[in-house]
Amino acid sequence: MSKSLQAIRGMNDILPEQTPLWRYFESTVARLLDNYGYKQIRMPIVEFTELFKRSIGEVTDIVEKEMYTFDDRNGDSLTLRPEGTAACVRAVLEHGLSGGGQPQKLWYIGPMFRHERPQKGRYRQFHQIGLEVFNLDGPDIDAELIVLTWRLWGMLGIRDAVKLELNSLGTSESRGRYREALVEFLSARLDKLDEDSQRRLKTNPLRVLDTKNADTQAVLVDAPKMADYLDDESRTHFEGLKARLDAAGIPYVINPKLVRGLDYYSKTVFEWVTDKLGAQGTVCAGGRYDGLVEQMGGKPTTGVGFAMGIERLILMLETLEQVPEEISRQVDVYLCAFGEAAELAGLTLSEKLRDQLPNLRLQVNAGAGSFKSQFKKADKSGALFALILGDDELAQQVVSFKPLRGQGEQQSIAFDALAAHLATCIVQG
Ligand code: ATP
Ligand code: MG
């Protein structure tokens, strides 16, 4: 195939054999979030570039080198969204959803775009489910976000394979004092830092803590700790969160180097990490961003949220063999008809069955074919039962009802009795 007719590197088709698992994952999360009282919001995929620069921060990896930015025909600079929080905050402000200090618990799902080096668990178009909560400033809601993800891991059967890492970045005042101390410490050891960290020290010093460079990591061992710079407000908030996680029985480790890539976080930050996916180990990450809404032109409004990477979680379900068997079977019954008269009768019969059993997953053979070929298709469809309709059956107004997965003998069933019979043999989810 010529190159122009291939998908863009790092942007994947999700093929029919994979969609059942995606739908299972998405519907499990949607049901859980309904039950916790979160409401879905849907934002556009493209926004003004300025939105992301203002919210994510100019000197972050995303804005510096990962965004898909282009001019549209009016000459406006637009960007494919690299994450959901910025657009969600924009929508909340634009529609007054946080007006009067009213709490909002929102969630979204959809594709995000970042120009990164594609590899397992890292793509240029990937999908996130995110939650954002506004106007609730206590540790109780930070805890709820973590508690509900913990429940989700349990529902998906991956709880034993993920670990919660937690840190507090403090209020902007305490973070400011910490930043000063860190800059002073690192500036005195500038020659021992890698090039990237030297640059970050000037633009975004906290991100030096995030370095993968071993020499810089060695320097950081004796660096000032954020925990020693937390003011009372930040400390009380963090203690309140930990007390709730303890009460809920959720294990965590404090990771003082957890700073997150985006500029807007304050107080709580957390990541759910796994060692089952190689280098791309973070499956869900977030934190509190109390200053963001104001920074984007709104009234002071607290915020907290997280996003999970759907591809990474799907990979985990596969790696840990937690794909439920029943999701791959999409057909209950396959109807085979032989000859024009039987096809016509089959059509009316199947539509009547759909009226009577609205959840029935009934596939009607298309394209005619011999007994052998229709039967092969019936079997391949994964159906539990085949309904067979030929001249003999038609004459007697019955179908031959054939179990395909070894549940009993073939039998004849009158048209009128078919719906009732199917209702007894098919357990519907
Ligand atoms: P990483 O450190 O892996 O680059 P991040 O800090 O950039 O992650 P966030 O912006 O916090 O990621 O996004 C939340 C989640 O979205 C991540 O924890 C991950 O599961 C997923 N994610 C982020 N970038 C990608 C990507 N390029 N491909 C697939 N999933 C991704
Ligand atoms: Mg990243």
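Whatever order the structure lists them in is the order used to number ligands and atoms, beginning at 1.
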**Study point:** Distance filter under 4.0 Å to Thr282 heavy atoms, resulting ligand 1 atoms
**Key:**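 In order of numbering, the contacting atoms are 17 (C), 18 (O), 19 (C), 20 (O).
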Exercise for review: Would you mind listing which atoms of ligand 1 come within a distance below 4.0 Å of any non-hydrogen atom of Gln128?
Suggested key: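 Atoms satisfying the 4.0 Å criterion: 13 (O), 14 (C), 15 (C), 16 (O).
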Within the structure, is a non-hydrogen atom of [X] found at a distance of less than 4.0 Å from ligand 1?
X      : result
Glu83  : no
Gln280 : no
Glu311 : no

Check your understanding: Of Lys105, Arg151, Arg244, which meets salt bridge (charged side-chain N to carboxylate O under 4.0 Å, His left out) against Glu144?
Key -> Lys105
Point to revise | Nitrogen or oxygen of Glu271 less than 3.5 angstrom from that of ligand 1 | key: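 It does not: no N or O of Glu271 is found under 3.5 Å from an N or O of ligand 1.
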For ligand 1, which part of [X] has a heavy atom less than 4.0 Å away: the side chain, the backbone, both, or neither?
X      : answer
Arg122 : both
Val283 : backbone
Arg124 : neither

Check your understanding: Checking Lys242 against Phe238: charged group under 6.0 Å from the ring centre and within 45 degrees of the axis?
Key -> yes
Practice item. Heavy atoms only: give me the nearest Thr319-Lys276 pair and the separation to one decimal. Key: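 Residues Thr319 and Lys276, closest heavy atoms: CG2-O, 4.1 Å.
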Revision key, fill the gap. In short, Glu116 meets Pro118 closest at the heavy-atom pair O-CD, 3.1 Å
Exercise for review: May I ask you to test the Arg361-Arg329 pair for a side-chain heavy-atom distance under 4.5 Å?
Suggested key: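 Sidechains of Arg329 and Arg361: in contact.
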Review point. Salt-bridged, Glu26 to Arg23, with N to O below 4.0 Å?
Key: no
**Study point:** SB check Glu233 Lys267 (cutoff 4.0 Å)
**Key:**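 Answer for the salt bridge query: yes.
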